[in-house]
Each structure stands twice: as C-alpha cells, then as structure tokens.
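Position 1 is the first residue of the sequence, and the numbers go up from there. One-based numbering, in listed order, for ligands and for the atoms of each.
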Amino acid sequence: MRHTNDISTDVVRLTDVVKTYGGRRNSVTALDGVTIAFPRATFTAVMGPSGSGKSTFLHCAAGLDRPTRGSVLLDDQELSKLSEVELTKLRRDRIGFVFQAFNLLPAFSVQDNVTLPLRLAGRRANRDAVERVLQQVGLSERRRHLPGELSGGQQQRVAIARALITRPAVIFADEPTGALDTRTARDVLNLLRASVDQAGQTIVMVTHDPVAASYADRVVFLADGRLVGELRRPTAEAVAERMTHLGAWAEPVGAR
Ligand code: ADP
C-alpha cells in the first residue's frame, strides 16, 4: 500500500513557493504560493497555458533557480540552505534531466554520453550498470554510434539513459516529446512509464501534450503561477478538456 502522506515517501516537496522576477516597479510573480509533493515512484505531468509558470516551477523544484520565498525539499534536503557548489553537486548526483532538444554531446558516442554524468561526478562507470541502462532504453547495439547517426527518438532514449545512469532521486523532463513524431513519442513515454513501474523512478514532466500527460499517474495544472487542480489516472480527453477551460489553447493548435 502506498502512503502518499508519509514524509519519507516524498522525493520532492515544495511548500508555499513564490518566485518573483524583476524589480519593485516591474515585478512579475511567476509562482504564487505553490505547495505540492512528489511521492517516490510516481510520474507527474505539469501542464498549464503559456506563461503560467511551468518552466519557473521546474527550475525551482530542480534547484536550477532559487525561489523568492518558500521551501523546496529534495530527498529531505532544504535547497535554500545549500551553497551554489552544494546545489550543483546535488543536481549532478540526485537529479536527472531530460530536455526537448536532447542536449547530447555530438562528438561523444552513445555510451560516452550516457556515462558522462558519472565521470563528471568522479564515479567509475560500472560496466553492468551501463549495459543494463543501455538495454533498458533499447540501444545496446548502438553504443558506439554518434548522436548524429541516430533518429530523434533514439537520441532522446540516449538522453533518458544518461538521466537514469546516476539512479537519481527524481527525473525532471521538460517537453521530452516536443521534438518527436507521434509514434516515437509513444516509445519514449512508454520508456519513462516503465522506469517508474519497474525501477521505482520518480518523474516530473512538463508538457503541452494531453496524450503525453496521459502516461502520468497524475496531472497538475498551473494557471497564473498557482496550482489550480489535478487529475489522477488522467485520460488524454479529460486533460484536453481541462486545458480548454484554462484557456490554454487560445491560439490554434496548428500554430504551436
Ligand atoms: P511557462 O513555462 O508556463 O510558459 P514561465 O515559467 O516561463 O511560464 O513564465 C511565467 C511568468 O514569468 C511569465 O509571465 C514570464 O513572462 C515570467 N518570466 C519567466 N522568466 C522570467 C525572467 N527571467 N524574467 C522576467 N520574467 C520572467
């Protein structure tokens, strides 16, 4: 049985997080008192209209940016108490990142891209662990290829392997399927889903896509810097309907 209220099961916990940009005259409140917890081995999608604070949320939760006030706990560590050096180390050791643009090093092989976070952390790449993660993403046969020799979907799977290799407490994914066609996107989402179900990974994913969001256990909705609702066991239809009510698609969908 899962005790979602038990402190120890929450990998990330934000309490009353406020983020304000700019000075006194021209300030913008990007996050306006956000409180939310992400339990271990769960997959959460974060959605909201453009400008609702999704990127700011991800940056604050992942220690890439500091909130103006409020608390962010990751693995029971209060991020605001950490120095820049400690934060950098925590991001490197405890957080995996997956971006829309893959962000692989073009001159490095698949295997060297995947093991890079370990080498940056001064850790040895255990050969079995590397093999396991390459198998997990279906790229064992491609380990010596360069990113440019792979399809977009394969490149994103390399990026996911790179995120998984450190066994991070949490993976933050920012529009991970934004640059992929529908079928390839589905493969990548199935892979993320499997890492939650089979390896107990915790994932927080920002997305515009209701189909992508439907792979999550829960979708949380942001509007004007506030959490305005959530859906558990979401279907793409229910997510799309909720987004319509938030005015997320004021622009024609084809224009995005
Ligand atoms: P989303 O990712 O949902 O599009 P953002 O988090 O990027 O939303 O932005 C939330 C609000 O904060 C917007 O009004 C945006 O213009 C503002 N904002 C974001 N980053 C900055 C910044 N560096 N300086 C000033 N305003 C910012």
Side-chain angles (χ1 to χ4, degrees), residues 12-38 43-72 74 79-80 84 87-88 91 95-103 156 159 163 170-180 185 188-189 192 203-216 218-231 234 236 238-256:
V12 184
R13 180 185 277 254
L14 282 76
T15 307
D16 206 15
V17 168
V18 173
K19 178 69 185 181
T20 311
Y21 290 109
R24 209 179 297 163
R25 284 253 198 89
N26 55 355
S27 77
V28 177
T29 303
L31 292 179
D32 192 8
V34 169
T35 298
I36 189 170
F38 298 97
F43 187 176
T44 306
V46 179
M47 299 190 83
S50 182
S52 60
K54 299 182 296 296
S55 307
T56 305
F57 172 81
L58 204 68
H59 286 138
C60 288
L64 289 163
D65 203 351
R66 290 183 186 272
T68 309
R69 68 186 165 75
S71 147
V72 180
L74 197 147
L79 299 196
S80 67
E84 284 307 318
L87 254 188
T88 302
R91 282 199 304 267
I95 302 179
F97 291 95
V98 178
F99 303 98
Q100 177 170 350
F102 320 141
N103 296 359
Q156 193 60 303
V170 56
I171 290 180
F172 289 104
D174 193 358
E175 297 278 6
T177 57
L180 304 176
V188 163
L189 290 160
L192 293 175
I203 300 181
V204 180
M205 170 179 76
V206 165
T207 182
H208 272 102
D209 178 4
V211 174
S214 72
Y215 283 73
R218 161 177 80 143
V219 184
V220 297
F221 296 91
L222 273 172
D224 295 328
R226 293 166 190 259
L227 285 172
V228 293
E230 69 171 45
L231 279 175
V239 172
E241 212 228 359
R242 189 74 70 94
M243 286 289 280
T244 304
H245 288 146
L246 292 177
W249 290 318
E251 288 172 63
V253 171
R256 284 190 287 125

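With respect to the salt-bridge test (charged N to carboxylate O, under 4.0 angstrom), the residues Arg242 and Glu230 do not qualify.
Remark: Lys19 pairs with Asp65 by the side chain to side chain donor-acceptor pair (under 3.5 Å) rule, at least two apart or across chains. Here Thr177 pairs with nothing under the side chain to side chain donor-acceptor pair (under 3.5 Å) rule; sequence neighbours left out.
Nearest heavy-atom pair across Pro49 and Leu222 is CD-O, 3.3 Å.
Expressed to the nearest 0.5 Å, how far CG of Leu31 lies from NZ of Lys54 amounts to 11.5 Å.
At a 4.0 Å heavy-atom cut-off, the residues surrounding ligand 1 are Tyr21, Val28, Ala30, Pro49, Ser50, Gly51, Ser52, Gly53, Lys54, Ser55, Thr56, listed by chain and number.
The side-chain hydrogen bond (donor to acceptor under 3.5 Å, both in side chains) analysis of residues 27-38, with sequence neighbours excluded, yields the pairs Asp32-Arg226.
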